[in-house]
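Everything below concerns the one structure shown next.
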Amino acid sequence: MKELKNISRSRAQESSAAIERLYITMRHLFNRGFYKPMGVSGETLREALLSLRPEIYGSIAEEKVELNGLLYVIERLPVGIEECRYINLTSDEGYSKSHFKPIVPPKRRRNCYRIDDEQMNVEITRGRSDIYDILTHLTFIFIESHKIKDRVLIDEDGRLTRDWEKLEQVVLQNKKLTLVDREQAISHVSNILGRTFAEVLEIYDGFGTKEKPDRFLHVIYWLGKLAIEEVVDNNKRTITFSPILRERLGHHIYGEIWANNIKEVLEKNDLLARPIHIISANMHSVMNSIFAEPVLGSKYKGSDEFQIFEDLSKSGNDVLRKKVEDFALVHGMISLPDTSGTNIDVQIFDTAKIDLKKSAFPKANLGKDKPVLIVMDYAFGEQAFETIDELLKPYKSGKGKIFLNVESVSIMGKAGILEGGKGDIMIPNAHINEGTADNYPFDNELTKELFDGNDIPVFAGPMVTVLGTSLQNKDLLKFFHESTWGAIGLEMEGAYYQKAIQSASKIRKSINPNVKVRYAYYASDNPLETGSTLASGGLGTTGVKPTYLITIKILEQIFNVK
């Protein structure tokens with residue numbers, strides 16, 4: 001009999017197991033209804049995150065506090081959450097009709113409400129991925145808060161270091177700081193965090209807002225203060241899930257309302273029987289690709305073809321953008337800002353009302369039945385299945401059941417790349433679901449060759465659909481990239497979109513079984529390169545050319561441009 005070797009697990013296997021533990025634990029805690037992140041109930045979650053050591057959370061497993069990761073997370077959580085001992089995850093339960101003002105995080109569209117000094121309510125209307133996202137972020141900041149506590153708490157009686165006392169004085173006096181005051185406070189904070197003065201100075205302004213330029217000090221103080229109270233007074237922070245959220249999750253409530261709103265508008269405008277092309281993209285690239293030329297083209301004669309889009313993307317150019325939008329609204333575009341709670345806005349384009357001869361697509365050949373474009377903003381993780389699944393279902397109107405004539409579904413998005421860099425393009429031929437290795441091969445209408453000759457590197461191959469960008473680490477990504485999976489990138493929605501499209505077209509027969517699919521992504525980061533993760537900052541204008549190049553190629557195929 002062969003002797004069994006003592007096989008040690010690789011880091012990739014450990015990471016994969018840690019992600020599975022996180023996934024299962026979060027679902028268990030959700031079913032339980034509440035837990036204490038830094039207590040016994042949160043231990044498995046903390047251990048799994050520390051075992052995984054995601055790239056985005058940098059030095060989470062070291063003694064020093066992670067600054068870039070903290071900034072990344074704080075931008076995705078509501079202002080003031082660091083002060084709250086009780087965090088309640090709710091469904092849309094009517095707070096918008098109350099005196100509570102919604103707090104929307106700068107980098108995540110979710111409504112949050114500060115109920116009192118100690119409690120923050122966070123509305124979850126985008127499905128399970130939203131819960132995984134917020135729980136991993138909260139676990140990270142609580143782990144960091146205990147590092148602060150460990151560095152300032154001298155003994156169990158609650159005696160604290162001089163650095164902490166000085167920081168407390170500055171934060172509680174709540175006045176505008178002079179340069180001298182600020183630099184003195186940074187000196188104390190750098191000792192508390194185990195970071196150099198220069199490191200703290202470099203990231204300091206990133207936390208600031210117009211109202212609170214010194215918010216960094218405030219965040220560090222409150223994170224540390226609540227961690228100290230957890231140990232000294234046994235006053236633990238608690239995360240709860242409202243009964244309504246637990247009852248509603250997974251029932252497509254928001255997705256159904258969202259999809260029905262779209263179908264009602266299509267019916268009202270006599271567009272339901274026309275060929276339909278669904279595009280998941282942002283709310284500017286399709287509109288600008290069609291209408292920027294007739295509105296602004298004369299100003300840009302002789303310029304680089306993407307200059308017009310770069311200018312439209314600049315933050316100060318609201319007047320320019322408004323010109324294009326106003327023109328679009330009287331030439332075939334219908335705008336549907338979201339009212340369902342999905343946070344997914346929609347635009348509908350009736351090509352029968354668009355003069356494409358004067359656009360950037362003068363050779364368009366639309367045929368007798370002019371197509372209708374439904375452009376939806378980005379979904380979030382598992383929400384992609386809910387929204388597309390509902391949108392592809394037949395519409396129940398007064399005239400009976402109406403099947404949509406969906407000719408194509410195109411997905412354009414941002415993703416992490418595993419070879420190459422920011423701004424490069426990825427063309428997938430399959431999506432692999434990270435947690436289960438469920439896989440969805442498909443025939444992509446977009447090809448690598450289609451993008452040749454544009455001075456942008458293009459990669460083709462399978463892509464991994466991950467549970468959350470905040471859960472990735474190098475070892476696992478290297479495995480997907482270097483093994484026979486041959487993955488070229490990672491994103492959060494692809495497998496969910498494809499699962500919904502396949503079930504609607506191949507099994508439920510609610511849309512054309514030969515529906516065309518197009519997937520293309522541009523790289524927002526390379527998580528395998530230190531300093532190129534999402535925590536290293538945004539794309540800036542680097543993302544403009546790939547975004548519009550992909551959009552134009554999708555539209556050329558829909559418009560039959562030869």
Side-chain angles (χ1 to χ4, degrees), residues 109 125-130 249-266 271-272 275-283 286 336 338 340-349 371-396 402-415 428 430-433 438-446 463 465-466 491-521 550 554 558:
R109 286 178 301 170
T125 56
R126 304 172 78 183
R128 285 196 186 91
S129 295
D130 221 5
L249 197 77
H251 293 299
H252 289 203
I253 285 166
Y254 302 105
E256 187 178 4
I257 297 166
W258 174 83
N260 283 339
N261 288 345
I262 296 167
K263 291 167 192 173
E264 278 167 22
V265 172
L266 291 173
L271 302 173
L272 265 178
I276 289 170
H277 297 269
I278 297 164
I279 304 172
S280 172
N282 48 53
M283 286 290 98
V286 173
L336 289 178
D338 180 61
S340 67
T342 58
N343 279 313
I344 298 176
D345 297 335
V346 169
Q347 293 162 336
I348 296 170
F349 295 85
V372 173
L373 313 184
I374 298 174
V375 179
M376 57 181 279
D377 209 343
Y378 300 120
F380 187 71
E382 285 189 29
Q383 188 192 30
F385 177 77
E386 175 178 339
T387 48
I388 292 286
D389 186 56
E390 291 297 329
L391 187 55
L392 299 180
K393 283 180 181 174
Y395 176 53
K396 292 171 187 164
I402 300 169
F403 288 83
L404 271 60
N405 179 14
V406 178
E407 292 203 343
S408 75
V409 182
S410 304
I411 313 295
M412 188 267 285
K414 273 193 302 194
H431 287 294
I432 307 152
N433 212 326
D438 291 348
N439 46 81
Y440 302 88
F442 49 83
D443 293 321
N444 195 342
E445 295 293 311
L446 299 174
M463 288 182 72
T465 299
V466 298
E491 45 71 57
M492 280 183 66
E493 293 82 26
Y496 301 114
Y497 280 127
Q498 191 56 26
K499 181 161 70 166
I501 296 163
Q502 273 183 207
S503 64
S505 60
K506 310 289 187 205
I507 302 168
R508 303 168 89 167
K509 304 288 192 284
S510 50
I511 61 166
N512 178 357
N514 299 314
V515 63
K516 291 177 176 175
V517 293
R518 301 179 188 91
Y519 290 90
Y521 300 89
I550 293 167
I554 288 170
I558 292 171

* To do: Check the pair Lys263 / Ile402 against side-chain contact (heavy atoms from CB on, under 4.5 Å), numbers first and verdict last.
  => CA-CA 10 Å; Lys263 291 167 192 173; Ile402 300 169; over 6 Å; no
* **Residues Tyr519, Phe442; criterion ring-ring contact (aromatic ring centres under 6.0 Å, His included); working and verdict** => CA-CA 10 Å; Tyr519 290 90; Phe442 49 83; 4.6 Å; yes
* To do: Starting from the C-alpha separation in whole Å, work towards a yes-or-no answer on side-chain contact (heavy atoms from CB on, under 4.5 Å) for Ile279 and Ile558.
  => CA-CA 10 Å; Ile279 304 172; Ile558 292 171; 3.9 Å; yes
Spatial distance of atom [atom1] ([X]) from atom [atom2] ([Y]) [nearest 0.5 Å]:
X      : Y      : atom1 : atom2 : answer
Leu404 : Asn512 : CG    : CG    : 12.0 Å
Gln383 : Glu493 : CD    : CD    : 8.5 Å
Ser410 : Leu446 : OG    : CG    : 6.5 Å
Ile348 : Leu266 : CD1   : CG    : 4.5 Å
Tyr254 : Thr125 : OH    : OG1   : 6.0 Å
Glu445 : Ser408 : CD    : OG    : 8.5 Å

Testing the basics here: between [X] and [Y], what is the closest heavy-atom pair and its distance to 0.1 Å?
X      : Y      : value
Gly381 : Ser129 : CA-OG, 3.3 Å
Ala495 : Thr465 : N-OG1, 3.0 Å
Gly341 : Asp338 : N-OD2, 3.0 Å
Val265 : Leu336 : CG2-CD2, 3.5 Å
Pro394 : Ser510 : CD-CB, 3.9 Å

* ring-ring contact (aromatic ring centres under 6.0 Å, His included) involving Phe403 - partner list, sequence neighbours excluded -> none
* To do: Using the test ring-ring contact (aromatic ring centres under 6.0 Å, His included), find all partners of His277 that sit at least two apart in sequence or belong to another chain.
  => none
* To do: Only counting residues at least two apart or in another chain, list the ones meeting salt bridge (charged side-chain N to carboxylate O under 4.0 Å, His left out) with Arg109.
  => Asp377
* Asked: Is there a ring-ring contact (aromatic ring centres under 6.0 Å, His included) between Tyr496 and His431 once you walk through the steps?
  -> CA-CA 9 Å; Tyr496 301 114; His431 287 294; 9.8 Å; no
* For the residue pair Trp258 and Val346, establish whether any side-chain heavy-atom pair is separated by less than 4.5 Å. => yes
* Asked: Does a side-chain heavy-atom distance below 4.5 Å link Asn282 with Tyr378?
  -> yes
* Asked: With sequence neighbours excluded, what pairs up with Ala415 under the side chain to side chain contact (heavy atoms under 4.5 Å, CB included) test?
  -> Met426, Met463, Glu491, Tyr521
* **For Asn405, all residues meeting side chain to side chain contact (heavy atoms under 4.5 Å, CB included), sequence neighbours excluded** => Pro275, Glu407
* Asked: Taking it one step at a time, do Thr342 and Arg126 satisfy side-chain contact (heavy atoms from CB on, under 4.5 Å)?
  -> CA-CA 6 Å; Thr342 58; Arg126 304 172 78 183; 5.8 Å; no
* Asked: Name the one of Val375, Leu373, Leu392 that satisfies side-chain contact (heavy atoms from CB on, under 4.5 Å) with Ile278?
  -> Leu392
* To do: Sort and list the pairs that fulfil side-chain hydrogen bond (donor to acceptor under 3.5 Å, both in side chains) and have at least one residue in residues 386-396, not counting sequence neighbours.
  => His252-Glu390, Glu267-Tyr395, Asp389-Arg508, Glu390-Lys393
